[in-house]
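Here is the structure we will look at.
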Amino acid sequence: MVDRKRAENAVRELLAAIGEDSSREGLRETPERVARMLEELTAGYADSAEEHLGKTFAESGSALVIERDIAFSSTCEHHLMPFFGRVHIAYVPDGKVAGLSKLARTVEVYARRLQLQERMNAQIADAIFRHLAPKGVAVVVEAEHTCMTARGVKKTGSSTVTYAVRGEISDGVVAQLLSYTGERK
């Protein structure tokens with residue numbers, strides 16, 4: 001989806017805007033590298049949660065599935081700076097389950113786009129609820145935003161926690177997911 005030539009030209013313009021010479025040795029290949037990086041960071045636009053969550057298995061015995069500590073990195077649409085962290089997912093199956101890697105792939109579909117944490121959280125919950133049709137789903141996202149830690153207010157160590165609940169899911173499950181946040185620090 002990325003127009004590489006256009007992206008390369010834009011990077012050359014940005015370098016000129018900050019007073020750099022894009023033809024100097026250390027920067028000669030930077031426009032091409034940045035264009036390739038943009039393809040990688042925005043690959044989620046060409047991917048589909050439905051494709052991943054459409055592969056399910058019949059299962060009637062599980063009362064709750066929890067997949068925690070799914071690492072992700074994304075790009076904040078406000079500053080084009082990275083934010084990264086972990087996603088914790090719980091769902092109550094209603095006759096079918098997805099392979100565990102499919103939950104992680106669903107996180108990547110939405111993380112690999114220009115994002116807001118709140119939107120990404122809701123998109124993951126909505127996709128799981130829509131495509132797996134569970135009785136309920138809860139998704140907790142905890143992230144460090146470099147627009148908070150490396151620039152502006154520069155509050156290192158701060159993290160943002162969001163959660164989304166769809167369908168029938170107990171407050172205890174949400175509390176359990178929230179308890180996972182901050183464990184790894």
Would you tell me whether [X] and [Y] have side-chain atoms, one donor and one acceptor, within less than 3.5 Å of each other?
{"X": "Q115", "Y": "R119", "value": "yes"}
{"X": "Q176", "Y": "H88", "value": "no"}
{"X": "R6", "Y": "N9", "value": "no"}

With a cut-off of under 6.0 Å to the ring centre and 45° to the axis, is R68 in cation-pi contact with Y180?
->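 Cation-pi check for R68 and Y180: passes.
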
[X] bridged to [Y] by N-O distance under 4.0 Å:
{"X": "R36", "Y": "E32", "answer": "no"}
{"X": "D47", "Y": "R112", "answer": "no"}
{"X": "E77", "Y": "R113", "answer": "no"}
{"X": "R105", "Y": "E108", "answer": "no"}

Would you name the heavy atoms of [X] and [Y] that are closest together and state the gap between them?
{"X": "V109", "Y": "S48", "result": "CG2-C, 3.9 Å"}
{"X": "V92", "Y": "A63", "result": "CG1-O, 3.3 Å"}
{"X": "H145", "Y": "Q117", "result": "NE2-OE1, 2.7 Å"}

Side-chain donor or acceptor of R86 paired with backbone N/O of I70 under 3.5 Å | no

Do S22 and T30 pass the side chain to side chain contact (heavy atoms under 4.5 Å, CB included) test, and can you show the C-alpha distance, the side-chain angles, and the key distance before you say yes or no?
-> CA-CA 8 Å; S22 63; T30 296; over 6 Å; no

Quick check: is [Y] connected to [X] through a chain of hydrophobic side chains (ILVMFWY, heavy atoms under 4.5 Å apart)?
{"X": "V139", "Y": "L132", "answer": "yes"}
{"X": "L64", "Y": "Y163", "answer": "yes"}
{"X": "V107", "Y": "Y110", "answer": "yes"}
{"X": "V174", "Y": "I66", "answer": "yes"}

